[in-house]
Every structure is written in C-alpha cells, then in structure tokens.
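So you know, we letter chains A, B, ... as the sequences are listed, proteins then strands, and number each from 1.
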There are 2 protein chains.
Amino acid sequence: MIGLKERVLLVEDEPGIVKGLSHSMERDGYQVTSARDGEEGLRLALQTKPDMIILDLMLPGMDGLSICRELRQRPQTRDIPIIMLTAKRDDVDRIVGLEMGADDYVTKPFNTRELLARMKAVMRRMKRRTDEEDARINAGVLTIDPEARIATKSGAPLPELTAKEFDLLHLMALHPGRVFEREDLLRIVWGMEHYDTRTVDVCVGRLRKKIEDNPAKPVFIVTRWGVGYTFNPEG
Amino acid sequence: MIGLKERVLLVEDEPGIVKGLSHSMERDGYQVTSARDGEEGLRLALQTKPDMIILDLMLPGMDGLSICRELRQRPQTRDIPIIMLTAKRDDVDRIVGLEMGADDYVTKPFNTRELLARMKAVMRRMKRRTDEEDARINAGVLTIDPEARIATKSGAPLPELTAKEFDLLHLMALHPGRVFEREDLLRIVWGMEHYDTRTVDVCVGRLRKKIEDNPAKPVFIVTRWGVGYTFNPEG
DNA sequence: TTTCTTATGTCATACTCATGTTACAAGATA
DNA sequence: TATCTTGTAACATGAGTATGACATAAGAAA
C-alpha cells in the first residue's frame with residue numbers, strides 16, 4: 001500500500017536521458033526533479049530533500065563521486081538513498097564499496113526497466129519493513145489477512161475482495177476509529193490520479209455488500225456525514 | 001531452488017564494511033541483519049536464527065572465536081553455517097577458526113565477489129541438508145518432489161516441467177494461500193536479471209497448461225486480479 | 001413539524017487496462 | 001548441427017472500475 005508520490009532528484013547532464021527517464025519515472029508514479037550539473041544537484045538535494053537521488057557519475061563541474069561524498073556528509077541528506085549511473089563497470093567497486101555509500105548502481109547504457117526496478121528495490125529497503133502492515137488484523141469478528149489478501153467473518157470466508165476493496169478495508173482496519181476523508185482514500189488507495197471522490201463511495205458500497213450483514217445499516221465501515229468514512233472494529 | 005530470501009547475519013564492527021557488504025549481499029538476494037559486536041551478534045543469532053553468519057574475527061567485546069564456540073554449542077544455532085572474516089593472512093587463528101567449526105573463511109582485505117561466491121557455495125552445501133525445501137509437498141492431488149524436480153497429479157506423472165516452471169510451482173506451493181506479486185516472483189525465481197513482469201504471466205500460462213485439467217479455468221495457480229497469483233492446494 | 005438543500009447510496013453501462021494466449025526469435029543445451 | 005527453453009512482442013479477452021443518472025437519507029432552515 002503506497003502513500004504519496006515519492007520524489008526523485010535526477011542529476012544528469014544529457015537532456016535526452018533526462019527527458020526519457022523523467023517520463024518513465026513519472027509513469028511509475030514518481031515526482032521527478034532534475035539538475036543539469038553537480039552544483040545544481042547538490043543545491044536541489046539540500047533544498048527539496050528528495051526521497052531518492054539518481055546520480056550520474058560523469059558530470060560537468062563537480063563529479064558524481066564528490067557529490068555523493070557531500071551528500072553523505074551533510075546530516076540533511078545523509079539518509080537519502082542514491083543510485084549511481086556509471087559508464088564503466090570498473091567504477092563499480094569504488095562506488096558501492098566501502099567509501100562512497102551509494103545504495104545501488106546501474107551501468108550505462110542501461111535498461112530503463114532495470115533502473116526502475118532498482119529504484120523500487122531501494123525504496124522497499126528504505127521504507128520501514130513495518131511488520132504492522134503485514135500482520136493479520138483481528139477486528140471483532142472480522143479477520144483480515146494481508147498475506148493471502150483474504151477477509152473472514154467469524155472464521156467463515158467472505159466473498160473475494162477485489163484489489164481496491166481489499167486495500168481500502170486493510171487501510172481503514174489498520175487505523176480503527178480514524179476518520180478518512182474521501183480525498184485521503186483516493187490518494188492512498190487509488191494513488192491520487194482520480195479527482196472524482198464519488199469513486200470512493202461506489203467502492204465502499206461494493207465492499208459493504210461483501211462484509212456487512214445488512215449493507216443498508218453498515219456497522220464496520222461507517223459513514224461520517226459530511227466528512228468521510230471510519231472503521232469500527234466492534235461491528 | 002531457493003525459497004524466500006536467505007537471511008544472513010553480519011557481525012562486524014566497521015560501519016563501512018557493513019554498509020558495503022550489506023549492499024552487495026542484498027543485491028545478490030540475501031536479507032541482511034547486522035550486529036556491531038559479539039554480544040549483539042550472539043543475541044541476534046539466537047533470536048532470528050539466520051541461514052548463515054558472517055563473522056569478523058576481530059570484534060570489540062567478545063571476539064569472533066568465542067562467538068563461534070558459543071554458536072556451535074547451542075542446539076538452536078549449531079547447524080548455522082559460519083564464514084569467518086580474518087584480518088591477517090597468516091593468522092593462525094583462521095585454522096583455529098575452522099577447527100572451531102567455521103565453515104569457511106575469507107581474509108581481509110577481501111574481494112567482495114570472493115566472499116559472495118563462498119557464501120553461495122556454503123549455501124548450496126547447506127541447502128542439501130535443509131529438509132524443509134527438499135521435502136516432498138503434498139497439495140491435494142498434486143505432489144511436488146524437489147529432489148527429483150518432478151510433479152505428479154494423483155500419482156500420475158505430469159508433463160516434465162522446465163526449470164523456471166518447476167521453481168515457480170515449488171515456491172508457490174511452499175506458501176499456499178499467499179499472494180505473490182509478479183515482482184516478488186521475478187525477484188525470487190528469476191533473480192534480478194529480468195524486469196518485464198509479463199514474463200511471469202507467460203511462465204504461469206505454460207505451467208498451467210501442464211498441471212491444470214482446464215488451463216482456462218485454473219484451480220491450482222489462481223489469478224488475483226490486480227495483484228498477482230496464489231497457489232491453492234485444494235485444487 | 002415540514003420543506004429544502006446537500007451528501008450519500010445504488011444501479012447500469014461503457015471503457016480501461018490487466019491478464020490470457022499465441023507466435024517468434026534468441027539463447028541455452030545436447 | 002538440432003532441440004529445447006525462455007524472453008519479448010503483439011493481439012484477444014474479460015474483470016474491474018469509473019462515470020453519470022437517479023433514489024434516498026441526513027441535516028438545516030422555515
């Protein structure tokens with residue numbers, strides 16, 4: 001389950017690569033900022049504190065390694081994961097090795113899909129492997145199993161939930177009692193591309209049909225009039 | 001066939017080495033935990049029961065040899081393979097280390113690739129012994145024999161499965177009910193070599209043709225729409 | 001209370017995109 | 001060499017979902 005868009009800083013001087021990569025990354029849901037040289041990259045990194053930095057080793061002015069070192073020295077940027085783009089395979093050991101502290105690297109010419117896969121992997125590593133999100137949830141008679149993506153009521157299996165339905169239920173059950181506005185749910189579960197909040201109502205409706213005894217009088221997913229929805233574990 | 005990520009415990013006090021090694025190991029598909037000194041290492045070993053331990057001989061507090069001895073004495077950790085890191089090439093200790101029950105050793109400064117190769121070798125040796133993954137799986141009418149890499153249905157042999165097909169089936173059958181995303185399967189079964197998730201679909205399709213009565217209505221490898229696949233042992 | 005306004009519930013349908021499937025080429029194996 | 005495996009691309013299909021219309025319920029105002 002994903003929260004808001006991850007912000008990526010791309011430090012690369014070749015316009016063609018910047019253009020292509022930005023596009024691909026945005027397609028994958030990242031918010032991309034780019035810098036043409038090292039100084040600008042460093043400045044932007046400090047200013048915007050991105051969630052991840054893609055750094056070309058060969059840059060005009062300050063080279064990638066110096067930037068990497070700088071970034072690792074300053075407390076504001078110390079923990080931001082860095083993926084290096086490098087031309088030569090020989091550079092690899094220096095980069096990843098003990099000193100520089102890049103989190104991963106990709107050698108040019110690189111496969112865009114590979115870079116995206118590594119970005120995702122790095123993100124996964126960064127994101128606290130909070131077991132909380134993987135743990136089974138017991139909410140009164142309802143049980144939610146994120147591993148199998150199945151919900152049961154009093155031990156009896158419920159109708160299969162679709163992806164969105166399950167994510168919605170899981171998110172709300174993780175925070176019982178908390179009121180979620182429709183916009184929150186759209187952002188978190190849907191990934192923010194949609195602006196029609198009525199979409200949420202319909203999904204809630206379908207979900208209720210599957211988990212509530214009487215969908216007309218819901219007891220788990222409760223409407224908070226004028227605000228949104230809340231999950232009531234008591235049922 | 002490798003199951004989920006192998007968990008490695010790295011006991012090493014130098015942060016640079018920890019960072020570099022963790023990265024390389026994770027890149028090779030291991031899940032790395034690290035401890036800064038001997039006591040912590042021992043505690044973590046007992047707690048988490050890793051699949052392998054990389055142990056620096058020179059450590060603050062309890063030294064590597066004592067830990068090795070401790071680990072070999074306790075039944076919970078007796079069978080965990082250990083690779084020693086030693087500083088001096090002509091260190092007599094390394095012999096003692098092997099006598100103490102380390103499975104292999106690497107001298108510092110070491111080549112990361114060499115260490116990874118040794119880890120792999122140790123793992124391969126070890127895996128022969130781990131029953132869990134080698135044990136025959138009975139999933140309803142399906143039987144999966146990892147040793148012979150053969151699957152049978154109701155006793156009758158199925159068409160021969162290719163390497164990828166078998167690994168895929170084996171992994172999923174080891175965790176019935178669990179939903180695997182395509183990217184999980186790519187990471188685990190394919191390693192990091194491939195990035196096109198459609199590859200998984202095609203492999204699943206081929207596998208279904210061989211194990212399902214009606215591949216159009218699969219009962220073993222079930223699609224979870226918008227998420228991935230899951231293995232249903234009932235059939 | 002009654003009426004009015006607005007938010008929410010519900011339904012039907014079209015559309016989008018994930019998945020199934022096939023074919024082919026490249027790579028691996030023998 | 002020939003054969004088998006596997007990744008990639010292209011096309012076909014269908015599940016899931018967005019959308020708009022309408023119905024209903026909640027709260028506000030009279």
Find out whether Leu55(B) and Leu85(B) are in side-chain contact, i.e. whether some heavy atom of one side chain is under 4.5 Å from a heavy atom of the other. no
What is the distance, rounded to the nearest whole Å, between atom CG of Leu207(A) and atom P of dT8(C)? 17 Å
Pairs involving residues 22-31 of chain A, ordered by first then second residue, that meet side-chain hydrogen bond (donor to acceptor under 3.5 Å, both in side chains) (sequence neighbours left out): none
Straight-line distance of Leu185(B) CG to Glu181(B) CD, nearest 0.5 Å: 9.0 Å
How far apart are the C-alpha atoms of Ile53(B) and Val8(B), what are their side-chain angles, what is the distance that settles it, and do they pass the side-chain contact (heavy atoms from CB on, under 4.5 Å) test? CA-CA 6 Å; Ile53(B) 299 172; Val8(B) 176; over 6 Å; no
Could you give me the CA-CA distance, side-chain angles and deciding distance for Phe220(A) and Glu234(A), then say whether side-chain contact (heavy atoms from CB on, under 4.5 Å) is met? CA-CA 7 Å; Phe220(A) 293 113; Glu234(A) 308 308 328; over 6 Å; no
Determine which pairs satisfy side-chain hydrogen bond (donor to acceptor under 3.5 Å, both in side chains) with at least one residue from residues 202-230 of chain A, sequence neighbours left out, and list them in order. Lys153(A)-Asp213(A), Glu165(A)-Lys210(A), Arg182(A)-Tyr229(A), Asp201(A)-Tyr229(A), Arg208(A)-Thr223(A)
Residue pairs meeting side-chain hydrogen bond (donor to acceptor under 3.5 Å, both in side chains), one or both in residues 140-149 of chain A, sequence neighbours left out, come to Arg136(A)-Asp145(A), Asn138(A)-Thr143(A), Arg149(A)-Asp167(A)
Could you tell me the separation between the CG atom of Leu168(B) and the C1' atom of dG7(D), rounded to a whole number of Å? 15 Å
On DNA chain D, does the nearest nucleotide to Ala163(A) precede the nearest nucleotide to Glu165(B) from the 5' side, or the other way round? Give the residue. Glu165(B)
In whole angstroms, how far is the P atom of dG16(D) from the CD atom of Glu160(A)? 8 Å
OP1 or OP2 of dA18(D) less than 4.0 angstrom from a side-chain nitrogen or oxygen of Trp190(A), does that happen here? yes
Per-nucleotide protein contact string for nucleotides 18-25 of chain C, where B marks a base within reach and S marks sugar-phosphate only (heavy atoms under 4.0 Å, - for neither): BBBBBB--
Backbone N/O of Leu59(A) and side chain of Asp56(A): donor-acceptor pair under 3.5 Å: no
Please produce a list of atom pairs where a protein N or O lies less than 3.5 Å from an N or O of nucleotides 28-30 of chain C.
none

Restricting to non-hydrogen atoms, name the atom on Thr77(A) and the atom on Leu71(A) that form the minimum distance, rounded to 0.1 Å. OG1-O, 2.6 Å
Between atom CG in Asp196(B) and atom P in dA10(D), what is the gap in whole Å? 12 Å
Give the intermediate values and the outcome of salt bridge (charged side-chain N to carboxylate O under 4.0 Å, His left out) for residues Glu183(A) and Arg187(A). CA-CA 6 Å; Glu183(A) 278 100 24; Arg187(A) 269 208 320 276; over 6 Å; no
Just how large is the angle between the end axes of the helix from dT1(C)-dA30(D) to dA30(C)-dT1(D), five pairs per end, to 10 degrees? 40°
Non-hydrogen side-chain atoms of Leu168(A) and Val204(A) separated by less than 4.5 Å: yes
Using OP1 and OP2 only, check whether a side-chain N or O of Thr199(A) sits under 4.0 Å from dT17(D). no
Test item: Arg7(B) side-chain N/O and Lys49(B) main-chain N/O as donor-acceptor pair under 3.5 Å: yes
Between P on dT8(D) and CG on Leu186(B), what's the gap in Å once rounded to a whole number? 10 Å
Nearest whole angstrom, please: distance from the C1' of dT8(C) to the CD1 of Ile221(A). 15 Å
Name the residue closer to the 5' end of DNA chain D, choosing between Arg113(A) and Thr162(A) according to the nucleotide with the nearest heavy atom. Arg113(A)
Mind calculating the distance between CG (Asn111(A)) and P (dG7(D)) to the nearest angstrom? 14 Å
In whole Å, I'd like the distance from the NZ atom of Lys164(A) to the P atom of dT16(C). 16 Å
